[in-house]
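Scroll down for the structure; my scribbles are underneath it.
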Amino acid sequence: MAAQSNPLQSSVKRSDQWSNLLVAVGETRDRAAFADLFKHYAPLIKSFAQASRHEGWFPGLNEDLVQEVMIKVWQKAAGYNPEKASATTWIYTVARNCRIDMLRRKSNTQHLPLENEDYWHEPDEETPTLLLQQKRSEEKLRESLAQLPKEQDEILRKVYLEGKSHAETSEELGLPLGTVKSRVRLALQKMQILVPAEFQDELTHEQ
Amino acid sequence: MNSKTVHHPETSMLLEFSAGTLETAASICVSAHLHFCAHCRDSLLRLDQVGSKLMEDSQAEPVDEALFASVMERIDRLEDGASEPDKYSQVGDYPPSVNKLIEADDNPPLWRRLSGSVDVASLKTGQKKFEVALHRICAGGKTPKHDHGGLEYTVVLKGSFSDERSVYSEGDFILRKPGDTHQPMGAQNGECICLSAQSAPIKLSSPLGFIMNNLLRINPR
Ligand SMILES: [Zn+2]
């Protein structure tokens, strides 16, 4: 059944290996491409699962999460838009949603799965410039993430990987909530994730 | 939709949304805002990139060798069955995160009169901290001046309203805290529908408000 992964349409400029494979899964249900994605991402998703410090999470759930995420990847791949994000970013959001879903399922009877499509389907006016900017920002991100001061890096890891809220992080590190927020802000500014102007109105907003 | 929203959730909320640590009720409101706001979708994408880089750079954990086979087995079973519906049908003209709540509810939310010019329809979310509801203010409708007993997130889904501080239109995201007293008014040119999440009832500021205050309560579903 495995069709050869087909080259991307000419309009699509993103061409990293994983994004190509994900497009192939979406367009032609390419099982060989899916197997490659599995080989690369399953261990990363497991590591993401293992990092969780959510209440109620236990090691037995780690490979359950890998399964859930990879099945979602297969089912939802057609909705992946390589112009919007890299495969890794898209799969991260699937993993994040699945991790929350598994936790909510444990604690709730009434439960609604989170879906990327809740907002991913919005048609943004993507332009080549935008895509270029994003690619550049992804590259810059890689460098700047490695250069963050320890105290900022630590907080980002707690929030993204361990799944701690800002409030929980502040409690755990014995820091005021304001300090946690401002360290996060500094980190985002340093990585040029958000421009300083955005913080300005936010500061007035928060008072 | 890419309307020109001017009121956005603060960055730390978007970051918590991106990391998946934002509580359910607030997430529903942020989701609804994202439906309207290209600016925040763009910020979110970059925040998601941070998460994805952290995941990508983490130490890969070998998985059980049988795992791939069991995933493929489940996929085959899924493919045999009826294909799952991928899109939510349009219950109303609401953002997907809201439509989903309405559809999942066995007892579809009903409008109930709150005051002369405001109707409310409570949404079932399964969490108990916030009441999540739709509010409908009729054209030109006045609401009583009130303070907030807790946090209140509001996203304008349709039309617009104003208070002493500003005018809020489609997509705008508003956070109110205790001490924020205001008197919202529906726009003259049509009804306004908002999504809101309240952690505590509002407190009426009028002289006779104390009578009504006893009747005001939140009912998280
Ligand atoms: Zn926004």
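Note on naming: letters A, B, ... go to the chains in the order of the sequence lines (proteins, then strands), and numbering restarts at 1 for each one. Treat the numbers as computed from the prediction; the structure is a model and nothing was measured.
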_Looking only at side-chain N and O atoms, does W90(A) offer a donor or acceptor that is under 3.5 Å from a partner on N81(A)?_
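Per modelled atom types, N81(A) and W90(A) side chains form no pair under 3.5 Å.
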*Indicate whether any N or O donor in one side chain lies under 3.5 Å from an N or O acceptor in the other, for E131(B) and Q198(B).*
no
Proximity breakdown for [X] and chain B, heavy-atom pairs closer than 4.5 Å:
{"X": "Q50(A)", "answer": "side chain"}
{"X": "L44(A)", "answer": "both"}
{"X": "V159(A)", "answer": "both"}
{"X": "A146(A)", "answer": "neither"}
{"X": "K164(A)", "answer": "backbone"}

_Carboxylate-amine/guanidinium proximity below 4.0 Å for E151(A) and R183(A)_ = yes
*asked:* Let me confirm one number: the OG-CD1 distance from S196(B) to I174(B), rounded to the nearest 0.5 Å.
replied: 10.0 Å
_Nearest 0.5 Å, please: how far is SG in C29(B) from OH in Y153(B)?_
8.0 Å
*Find the one option among F34(A), Y41(A), W74(A) whose heavy-atom pairs under 4.5 Å with chain B are most numerous.*
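When all of F34(A), Y41(A), W74(A) are compared, W74(A) has the most.
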*Of the backbone (N, CA, C, O) and the side chain (C-beta and beyond), which part of Q59(B) lies under 4.5 Å from a heavy atom of chain A, both, or neither?*
backbone
*asked:* Heavy-atom cut-off 4.5 Å, strictly under: side chain, backbone, both or neither for L67(B) against chain A?
replied: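 Contact with chain A is through both the backbone and side chain of L67(B).
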*asked:* Using the ring centroid of each side chain, check whether H35(B) and H33(B) are separated by less than 6.0 Å.
replied: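 Judged by ring-centre distance (under 6.0 Å), H35(B) and H33(B) do not meet the cut-off.
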